[in-house]
Chemist: 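One structure coming up, written as structure tokens, with questions to follow.
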Amino acid sequence: MSAARDEILGRVRAALAPSAKTERSRVISRSYRDVTAPADPVSLFVERVADYQATVRLVSAAGVADAIAAETEGMHCIVPVDLPWDLSNAEIDDFQSNDELDTFDAVVTGAQVGIAETGTIVLDHQGDQGRRAITLVPDRHICIIRTDQIVAGVPEAIAELNPQRAQTWISGPSATSDIELTRVEGVHGPRRLVVLVVY
Amino acid sequence: MSGTFVGMPAFPSAAREALQDDQLRRNLANATGVIRTKRAEVVDEVDNWEELRVAGAAIKDEVLLHLDEYLIELEASLTAAGAAVHWARDADEACQIVGDIAADHEVDEVVKVKSMATQEIGLNERLAQRGISAWETDLAELIVQLGDDLPSHILVPAIHRNRDEIRDIFVESMASAGKPAPDGLTNDPAALANASRLHLREKFMRAKMAVSGANFAVADTGTLVVVESEGNGRMCLTLPEVLVSVVGIEKIVPSWEDLDVFLQTLPRSSTGERMNPYTSTWSGVNDADGPQEVHVVLLDNGRTRALADEVGRQALRCIRCSACLNACPVYERTGGKAYGSVYPGPIGAILNPLMKGVGVDEQTDSLPYASSLCGACYDVCPVAIDIPSVLVELRTQVVDSHRGGAPDAFGAAMAGAAVSFGSPLPWKTVVLATGWAGRLSGPLAGRVRSSALKNVPGAAGAWAGARDIPALPKESFRAWMKRTGGQE
Ligand code: SF4
């Protein structure tokens with residue numbers, strides 16, 4: 001291929017030549033994964049999400065539709081194609097342009113994994129979560145996660161997730177501490193994050 | 001738009017100027033103190049932190065010692081995922097590649113998510129020469145760019161600006177760059193953040209092309225990872241049609257599963273959070289979701305030079321968390337700009353000479369001396385880089401490179417200057433710390449002790465203006481820190 005490629009690889013090999021050559025092992029001690037699992041991952045998740053100034057509510061399966069309705073009252077909403085709940089006031093994602101997305105007040109989605117330790121929700125943008133842009137441009141994100149999707153920590157989440165899919169890990173609303181380290185919630189992503197945990 | 005580090009004065013004189021700027025010192029001391037405390041709290045929460053550090057170091061070493069093989073693997077998996085892979089030997093070549101992609105698409109502006117690599121290669125300036133505006137979208141970078149300024153900290157580049165200054169910069173400069181600041185903008189951080197939201201949203205919506213870096217590149221899956229807070233990263237990685245990521249060749253991790261180390265250690269070390277607000281991962285092109293043309297530029301620009309240094313190559317493990325900056329008593333007092341590089345602080349003091357080579361310019365050669373070797377940087381480093389040992393090794397190399405047979409005034413002066421750059425401010429008593437001299441071995445140690453206390457000839461003359469010639473210390477640096485907490 002390119003001359004640059006050959007030269008960089010050549011430089012790497014020259015740099016490493018004096019060192020003893022070993023086989024690629026990929027064998028790393030994973031003892032860092034031996035930790036005591038949290039006794040109650042769901043409560044921990046709820047507590048940690050709340051720490052980020054997100055709104056988090058526990059709702060029963062029967063109460064989800066009402067909870068969504070309450071969170072989106074009077075708002076112009078967009079939802080992904082396969083969202084398993086009906087929203088009367090929502091438009092379904094139909095590859096609206098970025099400018100059109102900017103006219104929505106809120107987006108309602110599912111999630112793939114929740115991480116208790118860090119209060120993180122992970123989207124891998126399947127049918128109930130939608131393409132990345134719809135959870136980014138509207139100012140409010142209502143994200144629904146089932147308790148059986150919540151895992152203890154980062155290693156468990158990584159083990160479950162498929163790297164071939166684009167992912168968005170979300171821990172609280174967007175934030176900045178760039179001005180005198182004062183935390184301000186809400187810069188470019190949704191300024192309000194509402195997490196509904198369905199038991 | 002934003003300034004460049006080229007032609008900066010060497011560390012001691014830059015440090016002197018910085019030390020005279022009271023505002024900068026207050027901002028820095030406040031900021032580094034706050035982040036240090038937050039980091040300590042969330043690190044203490046993790047029972048197996050030491051295991052995570054060891055694993056992080058081992059993963060990075062595995063990659064570095066087989067970097068050629070991992071690069072080839074990464075290239076193959078990126079290509080299979082639909083990304084175009086480019087190789088850049090140096091800054092020029094990387095800027096040329098990015099500029100050519102922009103030219104191919106006939107864009108005259110790109111949006112950027114903060115990236116050390118693109119700053120390192122001076123991409124914005126180079127694109128500007130080709131008539132392409134590169135808009136920084138990270139709030140701090142925006143402040144720096146609009147203020148025509150230099151970043152001072154890896155993580156919070158505008159840490160040297162307070163809210164009043166930021167307000168003034170926005171009011172004065174936003175209009176010429178796009179959407180003007182709202183009328184009656186106050187210095188309230190929330191109002192300032194909102195001004196940047198409005199200003200930048202317009203740019204995100206119309207941008208055809210984005211440029212990013214990557215925190216990690218997974219060799220076996222071709223996945224790139226960007227860790228951020230504000231959502232500007234998500235905007236850049238999602239909305240434009242074309243995405244170009246400039247990735248240092250040391251950013252590789254072997255497998256997806258290795259991320260379970262770094263996604264724990266990076267946010268806690270960096271912003272002192274359990275997790276940063278947003279992490280995006282993508283592997284090449286995704287069907288009907290995000291940019292449909294994805295480029296990755298693999299950048300050398302001195303990394304292979306660092307790799308060749310058997311002691312120094314551990315610096316390439318660095319995941320740019322900036323914990324070492326916040327831990328460093330020298331950094332806290334002088335600020336990032338004094339290092340004259342995009343990589344400031346303890347890591348910059350080793351990375352710059354390793355990547356550029358010693359004996360080439362005075363600025364770079366002075367960096368290994370910008371430390372008291374107190375070891376705080378090593379203690380906090382999530383990939384366990386032994387910065388003090390590398391500093392000592394590099395000092396030897398600097399001295400060797402300047403040894404012309406005659407008495408080595410340069411090396412001795414450097415060594416002398418190293419311990420006293422704080423004078424005449426609170427470091428008056430911290431000259432020639434005995435703990436520091438005691439760490440040096442061999443002939444250098446003797447030379448430091450004998451030369452630095454005398455009236456040093458030659459190069460030292462130039463240095464003397466930037467500092468008081470050191471007198472014997474009343475106490476060692478460590479003892480002083482312990483006694484005063486740095487607040488004397
Ligand atoms: S050297 Fe270590 S502590 Fe410093 S920025 Fe790099 S990873 Fe972080």
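Note that this is a predicted model, so its numbers are computed, not measured. Every chain is numbered from 1 and lettered A, B, ... according to where its sequence line falls, protein lines coming before strand lines.
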Chemist: Among A:T120, A:I115, A:I121, find the residue that satisfies the side-chain contact (heavy atoms from CB on, under 4.5 Å) test when tested with A:F45.
Modeler: A:I121

Chemist: With a 4.5 Å cut-off on heavy-atom pairs, point out which of A:E117, A:H125, A:R48, A:E156 contacts chain B the most.
Modeler: A:R48

Chemist: Identify which part of A:D93 has an atom lying under 4.5 Å from any heavy atom of chain B, answering side chain, backbone, both or neither.
Modeler: neither

Chemist: Any salt bridge between A:R13 and B:E69, counting N to O under 4.0 Å?
Modeler: no

Chemist: A:P190 versus chain B, heavy atoms under 4.5 Å apart: side chain, backbone, both or neither?
Modeler: both

Chemist: Is B:L65 in contact with chain A via its backbone, its side chain, both, or neither, using a 4.5 Å heavy-atom distance?
Modeler: both

Chemist: If we only count heavy atoms from C-beta on, is the B:I166 to B:N162 side-chain gap below 4.5 Å?
Modeler: no

Chemist: Closer than 4.0 angstrom, basic N to acidic O: yes or no for B:R268 and B:E45?
Modeler: yes

Chemist: Of the backbone (N, CA, C, O) and the side chain (C-beta and beyond), which part of A:E7 lies under 4.5 Å from a heavy atom of chain B, both, or neither?
Modeler: side chain

Chemist: Please determine if A:D139 and B:R197 form a salt bridge, counting it only when a charged side-chain N lies under 4.0 Å from a carboxylate O.
Modeler: yes

Chemist: Given that the side chain runs from C-beta out, which part of B:Y70 has a heavy atom under 4.5 Å from chain A: side chain, backbone, both or neither?
Modeler: both

Chemist: Given a strict heavy-atom distance threshold of 4.5 Å, which part of B:A55 is in contact with chain A: side chain, backbone, both, or neither?
Modeler: both

Chemist: Which bit of B:R89 comes within less than 4.5 Å of chain A, counting heavy atoms only: side chain, backbone, both or neither?
Modeler: both

Chemist: Under 4.5 Å heavy-atom distance to chain A, tell me which part of B:N232 shows up: side chain, backbone, both or neither.
Modeler: both

Chemist: For B:E273, is it the side chain, the backbone, both or neither that has a heavy atom under 4.5 Å from a heavy atom of chain A?
Modeler: side chain

Chemist: For A:R30, is there an ion pair with B:E51 - N to carboxylate O distance below 4.0 angstrom?
Modeler: no

Chemist: Would A:R140 and A:D105 pass as an ion pair if we require N to O under 4.0 Å?
Modeler: no

Chemist: So what's closer than 4.5 Å to chain A heavy atoms on B:E62: side chain, backbone, both or neither?
Modeler: side chain

Chemist: For the interface with chain B, which of A:D99, A:D102, A:T36 has the highest count of heavy-atom pairs at distances below 4.5 Å?
Modeler: A:D102

